[in-house]
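Take a look at the structure set out below.
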Amino acid sequence: VQLQASGGGLVQAGGSLRLSCAASGRAFNQYVLSWFRQAPGKEREFVAGISLGGTYTDYADSLKDRFTISRDNAKNTGYLEMSSLKPEDTAVYYCAASLSNSRSPTNMRYWGTGTLVTVSS
């Protein structure tokens, strides 16, 4: 499956953004969808994940109150809604697909291109 992330940009602290992850190729609904982010000089970290049918979601503990992951299998698209953004949320955000629920980047089978989110103070 090929993944394409979009929706990043420059936003002021306290603002909101919605990222999209468009999938093509193999059946999107056969994969767990996850979002990761990587800030400059830091390791890639797990943000959120959603099960095949969307009934199960998982979030990094520090983000679960501000971020919401969802998916629309009919549109082969996943989403990450981010609110109350902080400067420390600045990073390149990646979507990824895996065969099972996992927070580890090494378990992801497919990676999308990243989209840059910059939060100004």
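- Residues Phe36 and Tyr94 keep their aromatic ring centres 6.0 Å or farther apart.
- In this structure, the side chain of Ser51 engages the main chain of Tyr56 through a donor-acceptor pair within 3.5 Å.
- For the atom pair OG (Ser104) and CZ (Arg44), the distance works out to 11.5 Å, reported to the nearest 0.5 Å.
- For the atom pair CG (Asn76) and CG (Asn29), the distance works out to 7.5 Å, reported to the nearest 0.5 Å.
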| Verdict with supporting geometry, Thr68 and Tyr59, side-chain contact (heavy atoms from CB on, under 4.5 Å) | CA-CA 8 Å; Thr68 302; Tyr59 295 93; 3.8 Å; yes
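- Put simply, Ile69 and Phe46 are part of two different groups of oily side chains (I, L, V, M, F, W, Y) that touch within less than 4.5 Å, one to the next.
- Hydrophobic cluster membership is shared by Leu80 and Leu17, with clusters built from Ile, Leu, Val, Met, Phe, Trp and Tyr side chains linked at under 4.5 angstrom.
- Once rounded to the nearest 0.5 Å, the distance linking CZ of Arg103 with OG of Ser98 reads 13.0 Å.
- Considering every non-hydrogen atom in both Thr115 and Gly7, the closest pair reads OG1-N, 3.9 Å.
- Between Leu116 and Ala91, the shortest heavy-atom contact is CD1-O, 3.6 Å.
- At a threshold of 4.5 Å between non-hydrogen side-chain atoms, the residues Cys21 and Gln4 do not count as touching.
- The OG1 atom of Thr57 lies 12.0 Å from the CG atom of Leu33; values are rounded to the nearest 0.5 Å.
- To the nearest 0.5 Å, atoms CG (Asp65) and OG (Ser84) are separated by 9.5 Å.
- Side-chain atoms of Ser34 never come within 3.5 Å of backbone atoms of Gly49 as a donor-acceptor pair (strictly under, hydrogens ignored).
- In this structure, Asn73 and Phe28 have side chains that are in contact, with non-hydrogen atoms separated by less than 4.5 Å.
- With sequence neighbours excluded, no residue forms a salt bridge (Lys or Arg N to Asp or Glu O under 4.0 Å) with Arg109.
- With a 4.5 Å cut-off on side-chain heavy atoms, Arg66 and Asp89 count as touching.
- In terms of modelled atom types and a separation under 3.5 Å, the side chain of Thr90 and the main chain of Val119 share a donor-acceptor contact.
- Side-chain contact between Arg37 and Leu63 is present, with heavy atoms from C-beta onward closer than 4.5 Å.
- Summarising the geometry, atom CZ belonging to Arg18 is positioned 7.0 Å from atom OG belonging to Ser70; distances are rounded to the nearest 0.5 Å.
- The minimum heavy-atom distance between Val1 and Ala23, with the atom names listed, is CG2-CB, 3.8 Å.
- In this structure, Trp35 and Ser20 approach most closely via the heavy-atom pair CH2-O, 3.6 Å.
- Each of Leu19 and Tyr31 belongs to its own hydrophobic cluster when Ile, Leu, Val, Met, Phe, Trp and Tyr are linked at side-chain heavy-atom distances under 4.5 angstrom.
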| said: What verdict does the side-chain contact (heavy atoms from CB on, under 4.5 Å) test give for Leu10 and Ser120, after you've listed the backbone C-alpha separation in whole Å, the side-chain angles of each residue and the deciding distance to 0.1 Å? | reply: CA-CA 7 Å; Leu10 175 64; Ser120 63; 4.2 Å; yes
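- Relative orientation of the Tyr93 and Phe67 rings is tilted, given thresholds of 30° and 60° on the angle between their planes.
- Val47 and Tyr79 are not part of a single hydrophobic cluster, where members link through side-chain heavy atoms under 4.5 Å apart.
- Met82 places none of its side-chain heavy atoms less than 4.5 Å from the side chain of Ser16.
- Using a 4.5 Å heavy-atom cutoff, the side chains of Leu52 and Val32 are in contact.
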